[in-house]
Amino acid sequence: MKQRVSALLGEKFGREVVLEKPRDRSFGHFATPIAFSLAKELRKSPMIIAEELASSFDNHEYFSSVESVKGYLNFRLSENFLSEYADWALENSQQFGKQEKNTKILLEFVSANPTGPLHIGHARGAVYGDTLLRLGRHLGYDITAEYYINDAGNQIDLLGLSIQLEGRANILNEDVTYPESYYRGEYLRELSIKAVEKFGKEILSDVSRQKELALWAKDGVMEIIISSLADLNIHFDTFVNESSLYGDWDRVMQKMGEGVYESEGKMWIASEIKGDEKDRVVVREDKRPTYLAGDIVYHNQKFERGYDHYINIWGADHHGYIPRVNAAVEFLGYDSKKLETLLSQMVSLLKDGEPYKMSKRAGNVILMSDIVEEIGSDALRYIFASKKSDTALEFDISEFKKQDSSNPIFYIQYAHARIKTILSKSDISEEEILKSPLKNLGENADVLLFDALLLPEIIEDAFNSRQVQKLPDYLKALAASLHKFYYDCRIIGTEDEVKLLKLLMVVALSLKTGLLLLGIEAKDSMSREEEV
RNA sequence: GCGCUCGUAGCUCAGCUGGAUAGAGCACUGGUUUGCGGUACCAGCGGUCACAUGUUCGAAUCAUGUCGGGCGCACCA
């Protein structure tokens with residue numbers, strides 16, 4: 001809708017036209033301050049330019065009016081335009097807001113270490129990534145969702161050690177002295193029990209078998225991770241194991257050419273000349289590769305797989321890591337502009353205004369699965385999708401347990417359910433509703449229709465700017481419009497029943513489509529008894 | 001110390017490719033249709049957009065500086 005108007009104006013004025021939403025709806029559907037920017041070139045006052053421009057739109061099929069107000073140019077779309085667009089949307093409900101794009105994107109997110117269950121910080125990155133994935137796919141991008149499994153390096157050894165400690169303490173009943181760093185949490189007990197079943201008790205005491213134990217255990221941990229992601233409606237297309245990459249190391253190092261060099265018995269990447277603070281070690285003196293080495297091979301592999309664009313979603317504490325990976329990509333002969341790294345920031349949880357207690361049982365972290373159990377997947381997804389991902393966030397989960405308008409997710413779903421209820425109560429058939437033209441609706445209904453039809457540009461804007469919170473914001477506003485309309489205007493039994501029902505169908509379509517893109521179920525009815 | 005980032009209503013946050021009177025929810029106060037789900041709606045209260053300077057017809061938005069918070073500054077991942 002906006003694209004069409006924008007294209008029309010761009011053509012007419014021979015320049016890019018900024019279209020914005022007027023603050024007050026009485027100003028019209030779209031507005032542009034173009035007269036201000038033209039004022040300088042034309043050496044005329046913005047008011048006069050706006051007047052002239054406005055009058056040049058007389059009787060245009062798209063607009064019922066074009067007015068100039070204080071130098072702004074305000075457009076009001078015609079009923080014909082809106083009605084035809086609504087018809088199209090209802091007829092192609094599966095396609096509403098969809099596009100075709102010939103771009104292949106590799107989206108890597110979560111990629112949490114396979115050493116323990118996901119915690120609340122991981123959940124944010126997971127929701128953010130999955131929401132982007134859904135938005136992008138809806139817009140027609142061919143996106144692959146990938147999880148990178150760090151199954152090499154110290155943390156894997158630590159996993160083996162931690163299972164042994166747990167098993168020795170609880171199965172062999174030994175007095176165990178705990179080292180400074182090891183993993184803790186309930187999942188280790190289960191893993192140690194299963195390990196004994198599979199390998200026998202000896203594996204708990206044999207230090208030389210730590211690695212064997214860990215490599216077996218990480219698959220179990222990945223199962224836990226994958227299943228808790230599935231609870232959030234998040235699924236990955238591909239998994240890449242870090243351990244599988246090192247066979248390629250020599251070839252990749254060759255490919256880096258002068259990007260790597262040897263010094264002090266170690267291999268370094270010359271990342272400083274590519275804008276990093278300093279050069280970094282990639283292979284230690286004892287020949288063990290560093291974490292960066294794995295990432296270099298991994299990114300090489302990504303680029304060799306031939307995507308048009310790459311997106312990584314990382315925890316914000318890794319932001320210092322971006323320059324060195326970009327440097328490696330450049331040395332490998334690829335365009336680092338194709339690699340986009342987005343950050344997901346810390347989360348602090350409150351419950352009833354108090355800091356949420358970390359669970360000892362879980363090893364002093366807040367488990368994602370605990371929160372999902374407490375407030376549900378829909379609410380958790382909504383919370384993370386509704387805030388900018390790259391700023392720190394604090395939220396109180398008690399707010400999302402309420403069953404009233406203070407809980408936005410409830411509020412939106414209730415709007416959808418209200419529409420479904422009305423539609424089911426009316427005697428008019430769906431066919432009849434669809435045939436009826438959306439004309440002479442009156443001002444309130446007209447506003448609602450326009451709001452509902454705005455969804456496609458919201459989706460596009462949210463994805464392109466990577467600011468997924470624009471979608472939940474929109475849905476909340478649309479739900480508010482609906483509730484207000486519902487309150488003001490009776491529908492069943494009125495003369496306008498047919499077309500008002502059609503209007504509501506358009507609203508429901510946008511709500512449902514929008515919720516789906518957030519990975520949230522659009523309910524057809526709300527039950528009062530239901531307590532999350 | 002250096003780098004990144006944030007500072008908007010009592011609280012949690014939107015708004016930031018410069019544009020019309022700075023928004024929402026919560027909290028607080030007061031109201032609502034002889035009606036389709038009141039699980040809703042309306043109104044009020046509440047702001048020096050951290051501070052300063054600059055650029056501009058126009059700055060919450062851009063630039064510079066100051067103050068304050070967070071994160072990073074590994075041959076850990």
Side-chain angles (χ1 to χ4, degrees), chain A residues 16 18 20 22-24 27 31-37 39-40 45-46 69-72 74 111-113 115 150 152-156 158 181 242 264-268 276-278 280-286 288-295 315-323 343 345-346 348 350 353 383 386-388 390-396 398-399 402-408 410-411 413-415 417-419 421-426 465 467 469-470 472-473 476-477 479-480 482-494 497 500-501 504 525-528 530:
Chain A
E16 190 92 5
V18 180
E20 54 196 39
R23 189 142 312 242
D24 189 327
F27 286 135
T32 175
I34 189 170
F36 290 97
S37 42
K40 221 169 202 176
S45 101
V69 179
K70 291 195 219 161
Y72 287 83
N74 297 331
S111 296
N113 287 343
T115 53
N150 292 116
N154 288 343
Q155 83 279 10
I156 282 293
L158 218 50
S181 58
E242 181 186 0
E264 304 165 30
K266 308 164 214 173
M267 298 299 300
W268 300 71
D276 196 7
E277 283 171 29
K278 54 184 177 188
R280 312 283 173 174
V281 173
V282 287
V283 183
R284 304 174 179 95
E285 235 168 327
D286 61 8
R288 280 160 50 235
T290 63
Y291 178 73
L292 179 59
D295 245 356
D317 52 345
H318 285 59
H319 73 254
Y321 202 75
I322 296 172
L343 300 175
Q345 262 287 6
M346 312 272 304
S348 10
L350 300 175
I383 291 162
S386 64
K387 307 293 177 197
K388 270 195 304 213
D390 60 352
T391 54
L393 164 70
E394 186 174 79
F395 76 89
D396 193 324
S398 32
E399 192 178 321
K402 296 189 201 152
Q403 302 285 299
D404 59 42
S405 63
S406 68
N407 175 354
F410 178 86
Y411 186 72
Q413 285 181 327
Y414 179 42
R418 266 189 151 167
I419 295 174
T421 307
I422 290 196
L423 286 170
S424 70
K425 284 202 172 157
S426 168
S465 63
Q467 308 267 301
Q469 78 277 5
K470 290 180 180 186
D473 284 352
K476 199 163 85 177
L482 182 276
H483 286 307
K484 181 173 167 51
F485 182 76
Y486 181 93
Y487 181 84
D488 289 341
C489 177
R490 186 174 168 82
I491 294 161
I492 289 184
T494 63
E497 179 170 346
L500 291 180
L501 288 174
L504 292 191
S525 69
M526 312 292 290
S527 63
R528 180 178 283 233
E530 188 181 337

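The basis for the numbers below is simple: all heavy atoms, side chains too, and nothing from hydrogens, waters or symmetry mates. Quick caveat, the model's predicted, so the values are computed rather than measured. Every chain is numbered from 1, with letters handed out A, B, ... down the list of sequences.
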Taking the side chain of [X] as heavy atoms from C-beta outward, which of [options] is closest to it?
X         : options                : result
Lys402(A) : C36(B), C41(B), A27(B) : A27(B)
Asp473(A) : A14(B), A20(B), G38(B) : A14(B)
Glu399(A) : G38(B), G25(B), A77(B) : G25(B)
Lys388(A) : A77(B), C16(B), A40(B) : C16(B)
Gln469(A) : A27(B), G15(B), G38(B) : G15(B)
Tyr291(A) : A20(B), A77(B), C26(B) : A77(B)
Phe36(A)  : A20(B), C57(B), A74(B) : C57(B)
Leu393(A) : C13(B), C36(B), A20(B) : C13(B)

Counterpart base for [N], defined by Watson-Crick or G-U wobble contacts under 3.5 Å:
N      : result
G54(B) : C62(B)
G44(B) : C28(B)
U17(B) : none

Rounded to whole angstroms, how far apart are [atom1] on [X] and [atom2] on [N]?
X         : N      : atom1 : atom2 : result
Asp276(A) : A74(B) : CG    : C1'   : 13 Å
Leu350(A) : U12(B) : CG    : C1'   : 9 Å
Asp317(A) : A74(B) : CG    : C1'   : 14 Å
Asp396(A) : A27(B) : CG    : P     : 12 Å
Lys387(A) : G25(B) : NZ    : P     : 12 Å
Gln155(A) : A74(B) : CD    : P     : 19 Å
Tyr486(A) : C41(B) : OH    : P     : 12 Å
Asn407(A) : A27(B) : CG    : P     : 12 Å

Is Asn407(A) close to Gln413(A) at the side-chain level, that is, under 4.5 Å between some pair of heavy atoms?
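Answer no - side chains too far apart.
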
With distance as the sole test, does Gln155(A) use its side chain to make a donor-acceptor pair with the main-chain N or O of Asn150(A) at under 3.5 Å?
yes

What's the gap between [N] and [M] when it is taken at their [atom1] atoms, as a whole Å value?
N      : M      : atom1 : result
C6(B)  : C45(B) : C1'   : 29 Å
C13(B) : A74(B) : P     : 30 Å
A22(B) : U48(B) : P     : 13 Å
G10(B) : A20(B) : P     : 23 Å
U61(B) : C49(B) : C1'   : 10 Å
A60(B) : G7(B)  : C1'   : 11 Å
U8(B)  : A50(B) : P     : 6 Å

Calculate, to the nearest 0.5 Å, the distance between atoms OG1 and CG belonging to Thr115(A) and Leu158(A) respectively.
8.0 Å

Between the base of A77(B) and the side chain of Asp295(A), is one N or O donor paired with an acceptor at under 3.5 angstrom?
no

Let me see the working for Lys402(A) and Asp404(A) under salt bridge (Lys or Arg N to Asp or Glu O under 4.0 Å), right down to the final yes or no.
CA-CA 6 Å; Lys402(A) 296 189 201 152; Asp404(A) 59 42; 5.8 Å; no

Of Phe485(A) and Ala479(A), whose nearest nucleotide on RNA chain B comes first from the 5' end?
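Whichever sits nearer the 5' end wins; that is Phe485(A).
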
Closest-nucleotide 5' rank along RNA chain B - winner of Ala31(A) and Ser406(A):
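With Ser406(A) and Ala31(A) compared, the 5'-side residue is Ala31(A).
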
May I ask you to verify if any side-chain N or O of Gln467(A) is less than 4.0 angstrom from the OP1 or OP2 atom of C16(B)?
no

Taking only side-chain nitrogens and oxygens of Thr391(A), does any of them come within less than 4.0 Å of OP1 or OP2 of C6(B)?
no

N/O-N/O pairs, protein side and nucleotides 1-4 of chain B side, under 3.5 Å:
residue : atom : partner   : partner atom : Å
G3(B)   : N2   : His319(A) : NE2          : 2.8

Would you check, one step at a time, whether the test side-chain contact (heavy atoms from CB on, under 4.5 Å) holds for Val281(A) with Glu264(A)?
CA-CA 10 Å; Val281(A) 173; Glu264(A) 304 165 30; over 6 Å; no

